[in-house]
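Below: one structure, written as structure tokens.
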Protein chains: 2
Amino acid sequence: MKNKSTVTIKDVAKRAGVAASTVSRVINNKSLISEETREKIMEAMRELNYFPNSLARNFANGNACAIALAIDANDNTTFSNVFFNKSVFGIETVAQNNGYNILITNGKEEKGGVSSIEKLILERKIDGLILPSVMAKRKLIKKLFELDFPFVILGEPENFKLESSWVDINNIQGGELAVNHLIQKGYKRIAFLSSNPKAIFSQNRLAGYKQALTFAGFDVNEKYIASCEETLPAGYNLLKEVFKTSSLPDAVICSDNITAFGVLRAASEMGISVPRELGVLSFDNYPIAEYTNPPLTVVDVDTYSLGEQAASILIRKIEREKEVNQQTLISTRIISRESTNLKGELL
Amino acid sequence: MKNKSTVTIKDVAKRAGVAASTVSRVINNKSLISEETREKIMEAMRELNYFPNSLARNFANGNACAIALAIDANDNTTFSNVFFNKSVFGIETVAQNNGYNILITNGKEEKGGVSSIEKLILERKIDGLILPSVMAKRKLIKKLFELDFPFVILGEPENFKLESSWVDINNIQGGELAVNHLIQKGYKRIAFLSSNPKAIFSQNRLAGYKQALTFAGFDVNEKYIASCEETLPAGYNLLKEVFKTSSLPDAVICSDNITAFGVLRAASEMGISVPRELGVLSFDNYPIAEYTNPPLTVVDVDTYSLGEQAASILIRKIEREKEVNQQTLISTRIISRESTNLKGELL
DNA sequence: TTAAGTTATGCAAACGGTTGCATAAAATAC
DNA sequence: GTATTTTATGCAACCGTTTGCATAACTTAA
């Protein structure tokens with residue numbers, strides 16, 4: 001951009017016949033300014049098409065007016081998809097409304113053993129950080145505490161769960177909703193499948209499942225709970241495994257979408273009719289879930305709100321000096337589709 | 001962060017017994033510095049754990065060292081998914097290697113009728129812009145030209161195609177590959193379905209389809225080309241429509257994933273066996289394509305490279321004064337899966 | 001040995017805002 | 001009418017780097 005026309009605050013001041021500091025105060029709504037002067041200055045700014053140079057402002061103020069959103073370059077399934085996308089919009093909206101820019105970074109180590117995140121902090125390029133839980137490793141969190149740097153974790157973390165602020169969807173409640181929905185639809189023997197049993201979200205979904213079953217007076221049958229640690233054959237193999245039990249389940253809850261797709265496929269190959277012989281319900285409302293055969297009933301998670309929450313908690317942390325940590329859970333809801341429509345009701 | 005320990009370049013200078021300007025020159029590898037002095041300074045920086053304050057640097061240099069990536073908040077299907085995710089990583093990597101941060105923004109209007117993008121530019125928060133083609137509206141592009149602001153469009157744009165730099169995947173070549181693959185697999189009557197016929201990518205894919213058919217000595221049968229402008233029932237209805245023709249196709253190319261899912265579903269309902277009676281091939285390698293029933297053969301697009309290209313062209317534009325525009329196309333490749341395996345070969 | 005050229009470093013102004021302090025002007029109190 | 005408070009504005013220092021210019025120290029050429 002050669003167009004460094006660079007109309008500065010001084011030009012505006014001269015034009016309006018006031019001091020630069022007065023212009024600054026108008027821009028920032030600081031202290032009292034007479035209506036007359038304010039009008040003159042606004043006029044001058046308009047005439048000169050003045051925009052404050054944020055490089056100078058940030059420098060003078062000593063804050064970057066920016067927050068970083070870390071993204072995990074290794075993980076392009078779980079996080080990068082639905083979960084991530086919409087929460088970015090939530091984060092972005094809140095950030096923008098509060099005058100913050102959002103800056104993305106992978107957490108990779110750079111030359112010199114400093115991670116890109118740490119570098120951003122030390123170079124003062126950001127005022128706060130939103131960190132997906134998969135990236136919330138011990139070492140990094142400790143560093144953040146040490147620097148007393150504001151951050152919020154997106155998703156329940158494994159480490160420092162109580163000492164840090166985080167937001168997540170309410171996976172336990174989601175598990176309960178799933179069970180209740182299936183029971184209400186008339187299913188009686190409900191299985192739970194997961195391709196990622198160690199993940200906290202899976203564990204919580206499972207916990208909700210067990211709780212709701214118990215509460216509804218059903219037994220928790222361990223044979224109905226299956227998981228494998230590879231993503232690829234998930235669902236497909238899991239379903240076959242569960243179907244080895246003597247008393248077959250009549251519905252399955254899948255902790256993630258990939259599992260659900262595997263299940264649908266296995267069911268189709270095994271000649272099991274969905275939803276008549278098997279109800280299928282999955283977490284995470286991928287757009288594609290609407291187009292499967294049959295369309296999937298899902299636990300929908302409002303990741304937009306998740307992002308909004310994360311950003312607003314972070315900004316509060318940045319702006320008020322010290323703030324207590326908080327953990328926020330966003331409720332889920334069921335989107336009922338054909339895959340759990342046991343009785344053939346009109347949807 | 002209360003820890004405003006703020007060790008500045010002056011502290012380093014004092015410690016090393018030199019002037020601040022000398023330290024600055026070491027940091028920036030400017031002009032000649034004696035090995036001895038350099039060593040002393042490096043030592044001092046290490047001892048004091050000094051990191052240059054980038055707010056001050058950016059201010060002094062007059063550039064933000066940042067590029068914006070615009071994301072379209074309205075479009076959460078086409079762009080936000082696969083296409084977007086991986087290209088972000090490509091952009092991020094190149095940006096980081098060149099010392100640029102990447103900043104995301106939706107292009108929404110803010111108060112005062114200035115779009116968030118324009119605001120970033122006028123406030124000097126960014127040095128360049130990567131703009132998805134869906135957001136490359138006339139008005140904005142004109143503004144960018146007017147400001148002489150460096151930008152690169154992600155995806156072939158409708159407007160100012162020749163006057164601007166853009167990168168895209170080679171959709172024509174992709175269409176050709178798709179046809180050739182199907183022919184090679186033994187299919188003879190190939191249809192083309194699209195849920196978004198007006199989109200340039202669809203048109204190009206269709207053009208490649210026609211070209212390859214002609215080149216291979218097949219007729220282009222207009223009855224085999226179908227499209228609708230709604231996303232929802234795409235594929236499903238399209239397939240049924242195409243199947244109304246007297247001579248049925250034995251393979252379909254879907255210009256997008258949603259269409260492909262609809263096709264698979266319709267085929268299953270209509271009792272048409274895939275791939276025996278109908279080959280199905282889709283563009284865009286969504287992770288889910290591996291788990292459909294049967295797994296989908298896809299035209300894979302290397303969006304990571306796309307991002308890399310976009311970023312490096314942009315950075316060249318920023319750093320070298322005036323640069324000619326360039327249009328870059330990234331080749332695609334086929335990932336062959338069961339859905340086009342007519343002869344039951346081992347995959 | 002001195003002049004001319006080279007190399008390494010320091011000095012100080014500049015970048016464009018913000019803000020504490022000082023003060024003039026206006027309003028209120030007595 | 002003067003003293004006091006309030007309100008509105010200006011002055012100038014400062015934020016931490018960068019960089020043009022000046023110069024000291026050292027080489028090389030004669």
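Just so it is clear: chains get the letters A, B, ... in the order the sequence lines come, proteins before strands, and each one is counted from 1. This one's a predicted model, so the numbers in the text were calculated from it and none came from an experiment. Only heavy atoms go into these numbers, but all of them, side chains included; no hydrogens, no water, no symmetry mates.
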TODO: Let me know which of B/Ile91, B/Asn97, B/Asn98 forms a side chain to side chain contact (heavy atoms under 4.5 Å, CB included) with B/Val94.
DONE: B/Asn98
TODO: Measure the distance from CD1 on B/Ile33 to C1' on C/dG10 and round it to the nearest whole Å.
DONE: 11 Å
Task: Whole angstrom value for the distance that separates P of D/dT18 from CG of B/Asn63 - done: 11 Å
Open item on the list: I need the CG-C1' distance between B/Asp11 and D/dT17, as an integer number of Å.
Closed with: 13 Å
- [ ] Using whole Å, report how far CD1 of A/Ile41 lies from C1' of D/dG10.
- [x] 12 Å
Task: Rounded interatomic separation in angstrom, taking CD from B/Glu35 and P from C/dA8 - done: 10 Å
TODO: Write down the distance between NZ (B/Lys40) and P (C/dA8), rounded to a whole number of angstrom.
DONE: 14 Å
Task: Atom pair distance, as rounded to whole Å: CG in B/Leu55 and P in D/dT18 - done: 13 Å
Open item on the list: Which residue in the set A/Arg316, A/Lys317, A/Gln309 passes side chain to side chain donor-acceptor pair (under 3.5 Å) when paired with A/Gln326?
Closed with: A/Arg316
Open item on the list: Between B/Thr303 (side chain only) and B/Leu306 (backbone N and O only), is there a donor and an acceptor less than 3.5 Å apart?
Closed with: no
Task: Identified side chain to side chain contact (heavy atoms under 4.5 Å, CB included) counterpart of A/Tyr100 within the set A/Ile318, A/Asn63, A/Ile126 - done: A/Ile318
Task: Min side-chain heavy-atom separation B/Leu147-B/Leu122 under 4.5 Å - done: yes
Task: Salt-bridge contact A/Glu43-A/Lys40 (side-chain N to carboxylate O under 4.0 Å) - done: no
Open item on the list: Can you build the contact string for nucleotides 16-28 of chain C? Use B for base contact, S for sugar-phosphate-only contact, and - for no protein heavy atom under 4.0 Å.
Closed with: BSBBB--------
- [ ] Report the distance from atom CD of A/Glu39 to atom P of D/dA8, rounded to the nearest whole Å.
- [x] 15 Å
